[in-house]
Amino acid sequence: MIKEVTDQYNANEIEMKVHEFWEANNAYRAVREHRKGAKKFFFVDGPPYTTGHIHLGTAWNKIIKDSILRYMSMNDHDILDRAGWDMHGLPIEVKVEGALGFESKKDIEAYGVGNFIEKCKEFALRQKDDMTGQFRTLGAWLDWEDPYMTLKDEYIEAAWWTLKQAHEKDLLDTGKRVVNWCPRCETAIADAEVEYEDRDDPSIYIKFKLKDEENAFIVIWTTTPWTIPSNIAVAVHPEFEYARVKAFNTEGDSETLIMATELVENVLRIGRYADYEIIETMSGEDIAGLAYEHPLADLVPLQAEIEHKVYNADYVTAENTGCVHIAPGHGIDDFEVGVKNGLPIFCPVGSNGSYTDEAGKYTGMNIRDANRVVMDDLLEKGLLISEKTISHRYGHCWRCKTPIIYLATEQWFLKIGELKEAMLEEIKKVNWTPDWAGSARFKDWIEGARDWCISRQRYWGIPIPVWKCSKCAKIDVIGTREELVERSGADADIELHRPYVDKITMPCDCGGTMERVEDVFDVWFDSAVASWATLRFPHTKEQFDEWWPADFITEGHDQTRGWFYSQLGASMVAFGKAPYKNVLMHGFTLDGSGKKMSKSIGNVVQPAEVIEKFGADTLRAYVLASSAPWEDLKFNWDEIATIHRTNNILWNVYRFPLPYMALDKFDPQEVSYESVEAHLRSEDKWILSRMQSVIADVNKAMEERLLHKAMRAVNEFVLEDLSRWYIQLIRPRTWTEANDPDKLAVYRVLYDVFVTTAKVIAPFMPHLAEEMYQNLVRNVDENAPATIHLCDWPTVNEALVDTDLEAHMKAVRSMVESSSNARQKVGRKLRWPVSRIVVSPTDENTVAAVEQLRYVLMDQTNAKYIELIEIGESWNELGVEAAPNPGAIGPVFKGDAGKVNAAIASMDAMELKKGLADGEMEIPLADGTNVTITEKMVNFSETLPEAVASAEFAGGVVFVDANLTREIESEGYSREVIRRIQDMRKELDLDVDDSIKAHIQIDDEGVLDLVLDFENYIAKEVRANVLVIGLDVDTTGELAKDWNVEGISMHIAISKEE
RNA sequence: GGGCCCGUAGCUUAGCUAGGUGGAGCGUUCGGCUGAUAACCGAAAGGUCCUGAGUUCGAAUCUCAGCGGGCCCA
């Protein structure tokens, strides 16, 4: 039996109950099982990093995923949806280091790598569990019990196998490259792991002495003096104009300087030169090849053996001096200039950020400390033109915030550059939402694709499965555990992490011994293989053959160059095709003012905080409805509260008929739709038609992944159609006491609309939907599916669609609104009936609407009669007013204009109107003469009869006739009385079917007389068995109150009748 | 500095693809309703459609330049 429900929408209570219910019934599993064998839908969860806590962004991410998966499931898809966790990498290492009080790699080595990774693993697993709980409170259904974890063997094998493919396809490379390097963590870090922040650094101008010219120098600028010992060359732009300048200092001494012509003025001012003279200008191409002396050649002996020259490079910009210091060991562009011109890659800096013994004088010095020393040395040699400090954006390690440096080191690479064209072809086949995410943003990114450095010099990661012979340097890449065991004879259940795999050696064909290279994978490589790792490939191949590639993935826009890219790269290497078919790129959650949420600013809003206040369904509805998925979401508490209010209204709508249904023991199993069909009123057919339209709207939105449109369509239906209209229309029908078919029709229609609405909100607000379903469906039919999420998505029932009716109802609603407006103008409240409403339509739809829905219009406007006039005709009770138009009269009648004006003003307006219908007429003036006037000379306006007000609406005008009659006054006052008594019943907290005694004293004889006309009506409406109304009545009772009704004082007392 | 996206009422937004008098919700004020009632309805006030230029008879919409915000890159 359908039960009554609580007064208020109590989200937390509902959600807790629903979670317990899902748990107890294993609902998630049942739903996935139920769709086995249906059309496959392979979803790959972008693995969040196991930080231990979710934030609004990750919550939004999972909410989108969950909504789409639930929708797909209800639409009969067999869903594969293992949740994923990204568990390796530097962030966890740094956390564990912090917990153990470590400061450098030495501490880890001393503690023991085995112990260290054990801690990392424990830490990651614990954080994963915490986060799983948090995601579950959102109602997100993924396979939480069998998630993929990057630290698992099955996952590690997927990474290994992929690298082996790269090796076999000759896409794996090793060699010196310049990488972002964190001197504290002593490892290469990914571009994505570099965080840019403002930092103060030296800004120095230096001159390098030219070799073959006395007293002549080329001028460069840098913010990293510590890279000067590594300087190998100077780059100039081939097409810029450079100048040879004779510069004079304040003492009048001169020297020759070379720099870009347009920058001369600036540089010399900064260098405090007194005067200058441009000797000659030349192109950058001309000065290429100039040789210069390394400024610190005497302090860094190796530099003395290297030849230093000027080279051309296109990336040089016309800033500072236009001549760029090149240290191929310390910059990506520098490295490229070096490689292109066959220069030595000189990198005298070690992994911990201190100079190696190649650095001569600077050996052992930390590079940051060396800045000062280098500048002093340059100053002493007279080569430092200027020294200042600037604040600029500089890269920092995202974990430990140490300023990064660029180092040329030995690393492993995937030759992604070679796959660029194929990648660009592949992404065209992918369906992107929004379109530009793929066609513009991702495409641009891929066009700049470079080789991918996949190696890291750390501990907690997937070990790179490359074994190298110490004798012949041959390498072998191992693809699976099986292969490893086979080749090395290692234990079959060996732990695949460091340090255990490090100890494994294997024989080389040359007779030497192969040892694993020490590096681990970049964590981006971990998640890159997710789409096949989640299918346990290569461990088992069946699932892969059945499911891969992914039907759908969705992540934030930062993942364009992150996971969307890394997956594509890895997949191109492994399979030569894109690993996904549909991608939805979603936005970021920002704070209320559009700023990034960050701990340091303190503007972070926790999902748990929102859930505690409003519940998960409200959070879900909010993030889904508030903006297009790909747009950033400015978090706003007021908006959340508004959405919550919408949900509360849905709850109220749903709750409204339940007491009546319960009282009447309404059983939807007994009262079929067919049995009431003949008794449906227009509004019933209308709400059923609207319901179908909503299903169609949601379908269309979901097809295009426009979740905001889906959610908004539902909200609008609930608010506008159900709550503000349908429920208002049918309220009196639910109060009928007899078991008449008109009431049963309402019950049945409400029932169907509620059940359908529950299904339509199920993907978005799964808890509330479940709550409604359990009561409405499961309580009456124990054979119904156990949970709403097992149900099929509702299909549009074309037989119920009536677009004409929808248009008519829309017109009626606007007429009702306009009549409210008119009532307000004429000062007549809705409680008082009006004798009639006159509708002057401008279109057929309005006419049809009034004809079809006249009773709805009468009801809702509280009018005794609706008068409909013909299209285009004006209401014949309107008066006409005529006013002379001086602008037209003056020029024609000149001096007589005043008389003409007066004549027009004094004439009967109707007569004028008729006379001027033909364009002109003759009128008499006061002096007895006649003149001819034209229609332009008179302005006509319509006037309203007494106590009538009008208001326009889209399909015409309504006139509200508020003239009083005795009957209307009687009814008006009676309803005032009824209202007061109902209010008092409420105050006494009486049940709807309790009877009362009521005593009413009215201090105005006239009004008393009016009210007495409706005595019986009043008694019936307020359920009074005893009703005494008079001038002098004893008004004592359980509750007695004095009222002022339109200036008349009344005293009312009521008591419950036992 | 570059790429992509966003900028419309105090707040959240629709309209922009396809140029033709800018719509809604929240909030505010006033009024109304009343057995969904701590709910609900109507009206009013509130707009340099980020700025500037251009195209056009006509620009929130198209183009260009700038400003502010986001993501990414340098």
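We name chains A, B, ... by the order of the sequence lines, and we start the count at 1 in each one. All of these numbers come straight from a predicted model, not from anything done at the bench.
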Sticking with atom [atom1], work out how far [N] lies from [M], rounded to a whole angstrom.
N     : M     : atom1 : value
B/G7  : B/U48 : C1'   : 14 Å
B/G69 : B/C26 : P     : 31 Å
B/A18 : B/G27 : P     : 38 Å
B/U13 : B/G20 : C1'   : 24 Å
B/U63 : B/G1  : P     : 23 Å
B/G35 : B/G31 : C1'   : 23 Å
B/G15 : B/G22 : C1'   : 8 Å
B/U8  : B/U51 : C1'   : 14 Å

What contact category does [X] fall into here, base, sugar-phosphate, or nothing, at under 4.0 angstrom with non-hydrogen atoms?
X        : result
A/Arg823 : nothing
A/Ile727 : base
A/Leu719 : nothing
A/Arg975 : sugar-phosphate
A/Thr560 : nothing
A/Asp638 : nothing
A/Tyr660 : sugar-phosphate
A/Lys825 : nothing
A/Gln824 : base

Looking only at the side chain of [X] (C-beta and beyond, no hydrogens), which of the listed nucleotides [options] gets closest?
X        : options             : answer
A/Arg731 : B/G3, B/G25, B/G35  : B/G35
A/Arg985 : B/G35, B/U13, B/G3  : B/G35
A/Thr642 : B/G25, B/G42, B/C71 : B/G25
A/Ile649 : B/C71, B/A36, B/C40 : B/C40

Which base sits across from [N] as a Watson-Crick or G-U pair, both distances under 3.5 Å?
N     : value
B/C71 : B/G3
B/U21 : none
B/G27 : none
B/G47 : none
B/C62 : B/G54

Do A/Asn10 and A/Glu13 have side-chain atoms, one donor and one acceptor, less than 3.5 Å apart?
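A/Asn10 vs A/Glu13: donor-acceptor pair found between side chains.
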For A/Thr618 and A/Asn647, test the side chains for any donor-to-acceptor distance below 3.5 angstrom and give the result as yes or no.
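There is such a pair between these side chains.
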Evaluate the ring planes of A/Trp651 and A/Tyr9, with Trp represented by its six-membered ring, and classify them as parallel (under 30°), tilted (30 to 60°) or perpendicular (over 60°).
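A/Trp651 vs A/Tyr9 ring planes: tilted.
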Parallel, tilted or perpendicular, judged at 30° and 60°: which one describes the rings of A/Phe614 and A/Trp637?
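Tilted.
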Could you state the [atom1]-[atom2] distance from [X] to [N], rounded to the nearest angstrom?
X        : N     : atom1 : atom2 : result
A/Leu706 : B/A14 : CG    : P     : 12 Å
A/Asn636 : B/G10 : CG    : C1'   : 12 Å
A/Asn320 : B/G1  : CG    : P     : 14 Å
A/Glu639 : B/A24 : CD    : P     : 17 Å
A/Lys986 : B/C40 : NZ    : P     : 15 Å
A/Arg561 : B/A74 : CZ    : C1'   : 14 Å
A/Tyr622 : B/U12 : OH    : C1'   : 8 Å
A/Lys443 : B/C5  : NZ    : P     : 12 Å

So does A/Ser723 reach the base of B/A36 with its side chain, donor to acceptor, closer than 3.5 Å?
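Donor-acceptor pair under 3.5 Å: yes.
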Would you kindly compare A/Ser627 and A/Ser818 by the position of their nearest RNA chain B nucleotide and give the one closer to the 5′ end?
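By nearest-heavy-atom nucleotide position, the 5'-most residue is A/Ser627.
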Both A/Asn652 and A/Arg712 contact RNA chain B. Taking the nearest nucleotide for each, which residue is further toward the 5' end?
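Looking at the nearest nucleotide for each, A/Arg712 comes out on the 5' side.
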Below 4.0 angstrom, N of the basic side chain to O of the carboxylate: do A/Arg733 and A/Asp684 qualify?
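Counted as a salt bridge, because a side-chain N and a carboxylate O are separated by less than 4.0 Å.
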Presence of salt bridge, A/Glu817 and A/Arg813, under 4.0 angstrom
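Between A/Glu817 and A/Arg813 there is no salt bridge, as every charged N stays at least 4.0 Å from the carboxylate O atoms.
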Who pairs with A/Phe240 by ring-ring contact (aromatic ring centres under 6.0 Å, His included), at least two apart in sequence or on another chain?
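If we apply the ring-ring contact (aromatic ring centres under 6.0 Å, His included) test to A/Phe240, skipping adjacent residues, the hits are A/His237.
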Going by ring-ring contact (aromatic ring centres under 6.0 Å, His included), name the residues that satisfy it together with A/Trp432, two or more places apart in sequence or in a different chain.
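In terms of ring-ring contact (aromatic ring centres under 6.0 Å, His included), with neighbours along the sequence ignored, A/Trp432 is linked to A/Phe442.
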Neighbour count >12 (heavy atoms, 6.0 Å) for atom CD, A/Glu1038
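Yes - once you tally the heavy atoms of other residues, nucleotides and ligands closer than 6.0 Å, there are more than 12.
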Sort me out a list of protein N/O and nucleotides 67-70 of chain B N/O pairs below 3.5 Å, or just none if empty.
residue : atom : partner  : partner atom : Å
B/G69   : O2'  : A/Gly594 : O            : 3.1
B/G70   : O2'  : A/Asp632 : OD2          : 2.5

Do the side chain of A/His330 and the main chain of A/Leu407 share a donor and acceptor less than 3.5 angstrom apart?
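Pair absent, no side-chain N/O of A/His330 close to backbone of A/Leu407.
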Has A/Asp334 got a side-chain atom pairing as donor or acceptor with A/Pro328's backbone, closer than 3.5 angstrom?
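No, because the side chain of A/Asp334 does not come within donor-acceptor range (under 3.5 Å) of the backbone of A/Pro328.
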Under 3.5 Å, which donor-acceptor pairs do the side chains of residues 973-981 of chain A form with other protein atoms, sequence neighbours left out?
residue  : atom : partner  : partner atom : Å
A/Ser974 : OG   : A/Ser970 : O            : 2.6
A/Glu976 : OE1  : A/Arg831 : NE           : 3.2
A/Glu976 : OE1  : A/Arg831 : NH2          : 2.7
A/Glu976 : OE1  : A/Arg980 : NH1          : 2.5
A/Glu976 : OE2  : A/Lys829 : NZ           : 3.3
A/Glu976 : OE2  : A/Trp832 : NE1          : 2.9
A/Arg979 : NH1  : A/Asp983 : OD1          : 3.3
A/Arg980 : NH1  : A/Glu976 : O            : 3.3

Name all residues meeting the side-chain hydrogen bond (donor to acceptor under 3.5 Å, both in side chains) criterion together with A/Asp435; count only those two or more places apart in sequence or in a different chain, and write none if there are none.
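By the side-chain hydrogen bond (donor to acceptor under 3.5 Å, both in side chains) rule, A/Asp435 matches A/Ser439.
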Pull out every protein N or O sitting under 3.5 Å from an N or O of nucleotides 27-29 of chain B, one pair per line with the distance.
none

